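For reference, the structure is listed below as structure tokens.
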2 protein chains.
Amino acid sequence: MNADQSGEEPPTTEERIMEATFRALLKHGYNDLSIANIADEFEMSKSSLYYHYDSKDDLLVAFLGFASDRFEEAVLSTPEDDPMANLEHIVEKLLPIQLNEEQEAIGTVMSELRSEAVTNEAFREQFTEMDDLLVDTVRDIVERGVEDGSFREVDPTRVAEHVVATVNGARASRTTTNRDQAPAAVRVSLASYLDSTLRGRQ
Amino acid sequence: MNADQSGEEPPTTEERIMEATFRALLKHGYNDLSIANIADEFEMSKSSLYYHYDSKDDLLVAFLGFASDRFEEAVLSTPEDDPMANLEHIVEKLLPIQLNEEQEAIGTVMSELRSEAVTNEAFREQFTEMDDLLVDTVRDIVERGVEDGSFREVDPTRVAEHVVATVNGARASRTTTNRDQAPAAVRVSLASYLDSTLRGRQ
DNA sequence: GTCTATAAGCGGATAGAC
DNA sequence: GTCTATCCGCTTATAGAC
């Protein structure tokens with residue numbers, strides 16, 4: 001169920017399974033993902049997977065947890081001091097102008113997994129947690145800005161929900177359409193939204 | 001491939017198949033959707049479906065076209081004269097405060113189908129078209145407002161991309177999370193964004 | 001156009017040896 | 001812990017009667 005992350009170095013079998021699942025998912029897509037696909041990705045037999053997980057569903061729920069951790073690690077490092085710089089930093093992480101391979105892979109996989117949340121309650125709860133975490137993070141930054149006087153007296157929750165919805169929509173457009181120019185346009189518009197909403201310029 | 005909508009009344013077999021697919025999809029979800037599920041939904045044998053469509057994939061592509069038409073019909077009626085009222089009308093259609101059964105069903109199905117666009121090029125093109133249509137519709141309204149002087153001199157494409165990304169993100173949150181309060185918060189924030197961006201108030 | 005019957009294969013999952 | 005072998009149900013798809 002959970003992947004050890006003791007110190008470093010020798011990956012546990014569970015970690016190797018998660019990595020194999022990641023690759024299989026990228027290669028075949030969620031709908032064509034099978035236990036055999038996963039086993040192929042790290043030279044292990046199908047039945048060994050059943051030693052570590054009770055069922056395919058069990059394995060996939062574990063994988064979603066693993067993928068969420070990756071996503072959160074990649075996104076939620078906020079080293080800046082200035083609230084606005086902090087917001088810009090998060091938006092840049094969520095909606096990079098040029099994404100690297102790792103970012104693209106995580107985005108693709110998350111996008112495929114998200115639709116499973118429509119019908120699978122365990123998945124739904126995990127995505128609820130992820131979006132809650134994002135909103136809370138943005139909200140805290142906005143709150144800090146309001147308190148220290150660098151932002152106007154806005155409703156921090158409302159702004160945070162807006163930012164997260166916009167970013168999620170733009171991320172979905174990246175993975176599910178050929179509208180290549182859209183994410184950049186949204187980035188620009190989001191920056192101007194934050195500037196005008198939080199600092200009253202335009 | 002295409003569903004006749006000649007005048008009205010007696011549905012063609014293709015239309016009945018599309019309706020059955022709709023119900024089967026709601027009942028079982030995309031991943032557990034089978035030809036047998038669909039046949040069960042309108043009391044017809046599996047093999048008859050193969051008389052009308054060459055393969056399951058063929059049927060699903062046809063269904064996506066059918067579902068897109070439904071979605072567009074439901075969303076893109078813009079009877080208002082005033083540009084701002086027009087925008088509010090579209091946002092209300094896309095992000096209703098209280099959704100009825102039909103709206104919820106379309107939203108659910110579209111959300112499940114969208115993830116298939118990650119790996120299926122035919123699906124991807126259809127979602128590209130849909131988002132293009134949405135963005136174009138919003139952009140045209142903003143352009144009209146700028147031209148007739150009721151809106152400020154904004155970049156209409158940028159505003160349209162922002163609105164569509166935000167709405168799509170909020171719609172996804174409705175179908176894939178338990179964050180029940182999010183869509184309403186986004187609605188409020190979007191209204192205030194449009195007001196301040198297009199009319200310079202806040 | 002719709003049916004019954006069935007092919008052919010893949011899927012998840014288990015048994016039992018090592 | 002990992003393997004080979006196997007079960008069995010369900011899936012897509014086709015053949016051929018009506």
Side-chain angles (χ1 to χ4, degrees), chain A residues 1-4 6 9-64 66 112-113 115-116 119-120 122-123, chain B residues 1-4 6 9-64 66 112-113 115-116 119-120 122-123:
Chain A
M1 184 70 191
N2 52 352
D4 283 62
S6 36
E9 309 315 303
T12 66
T13 305
E14 275 81 2
E15 283 166 342
R16 290 173 59 228
I17 293 175
M18 295 295 99
E19 296 291 346
T21 304
F22 201 130
R23 288 193 296 275
L25 207 38
L26 284 174
K27 199 178 282 184
H28 304 282
Y30 188 85
N31 296 313
D32 292 334
L33 181 69
S34 68
I35 294 289
N37 292 154
I38 297 170
D40 284 349
E41 285 300 322
F42 80 124
E43 308 290 314
M44 200 168 228
S45 74
K46 289 189 293 170
S47 64
S48 295
L49 296 175
Y50 285 96
Y51 176 81
H52 297 278
Y53 300 95
D54 289 342
S55 66
K56 186 189 182 185
D57 199 68
D58 192 38
L59 191 159
L60 288 177
V61 169
F63 177 74
L64 178 55
F66 169 85
E112 298 206 86
L113 293 178
S115 84
E116 181 67 8
T119 48
N120 179 325
F123 273 52
Chain B
M1 182 72 189
N2 52 353
D4 284 61
S6 36
E9 313 311 307
T12 65
T13 305
E14 274 82 3
E15 283 167 340
R16 290 173 60 228
I17 293 175
M18 295 294 99
E19 295 292 346
T21 305
F22 201 128
R23 288 192 297 275
L25 206 39
L26 284 175
K27 199 177 283 183
H28 304 281
Y30 187 85
N31 295 314
D32 292 335
L33 181 69
S34 69
I35 294 289
N37 292 156
I38 298 170
D40 285 349
E41 284 300 322
F42 81 125
E43 307 289 312
M44 198 169 228
S45 74
K46 291 185 292 169
S47 64
S48 295
L49 295 175
Y50 284 97
Y51 176 82
H52 297 278
Y53 300 93
D54 288 342
S55 67
K56 186 189 181 185
D57 198 68
D58 192 38
L59 191 159
L60 288 177
V61 170
F63 176 74
L64 178 55
F66 168 85
E112 298 207 85
L113 294 178
S115 82
E116 182 66 9
T119 48
N120 179 325
F123 273 52

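No experiment lies behind these values; they were computed from the predicted model shown. Just so we're on the same page: letters track the sequence lines, and every chain starts at 1.
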Given [options], identify the nucleotide with an atom nearest to the side chain of [X].
X       : options               : value
B:Tyr51 : D:dG1, C:dG12, C:dT2  : C:dT2
B:Ser45 : C:dA13, C:dC3, C:dG1  : C:dC3
A:Met44 : C:dG12, D:dA13, D:dT2 : D:dT2

For a quick test of reading the model: is some side-chain N or O of [X] closer than 4.0 Å to OP1 or OP2 of [N]?
X       : N      : value
A:Ser48 : D:dC3  : yes
B:Tyr50 : D:dA13 : yes
A:Thr13 : D:dT2  : yes

>> Rounded at 0.5 Å granularity, tell me how far OG1 in B:Thr119 sits from CG in A:Leu25.
In response: 9.5 Å
>> I'd like to check B:Glu19 versus B:Phe66 (side-chain heavy atoms, cut-off strictly below 4.5 Å). Are they in contact?
In response: yes
>> Is the shortest side-chain heavy-atom distance between B:Asn120 and B:Leu60 below 4.5 Å?
In response: no
>> Can you tell me whether the side chain of A:Ser47 and the base of C:dT14 have a donor-acceptor pair closer than 3.5 Å?
In response: no
> How would you label the contact of B:Ser34 with the nucleic acid (heavy atoms, under 4.0 Å): base, sugar-phosphate, or nothing?
Replying inline: sugar-phosphate
>> Using a heavy-atom cut-off of 4.0 Å across all strands, would you classify B:Leu33 as base, sugar-phosphate, or nothing?
In response: sugar-phosphate
>> Distance check needed: D:dT12 C1' versus B:Asp32 CG, whole Å only.
In response: 15 Å
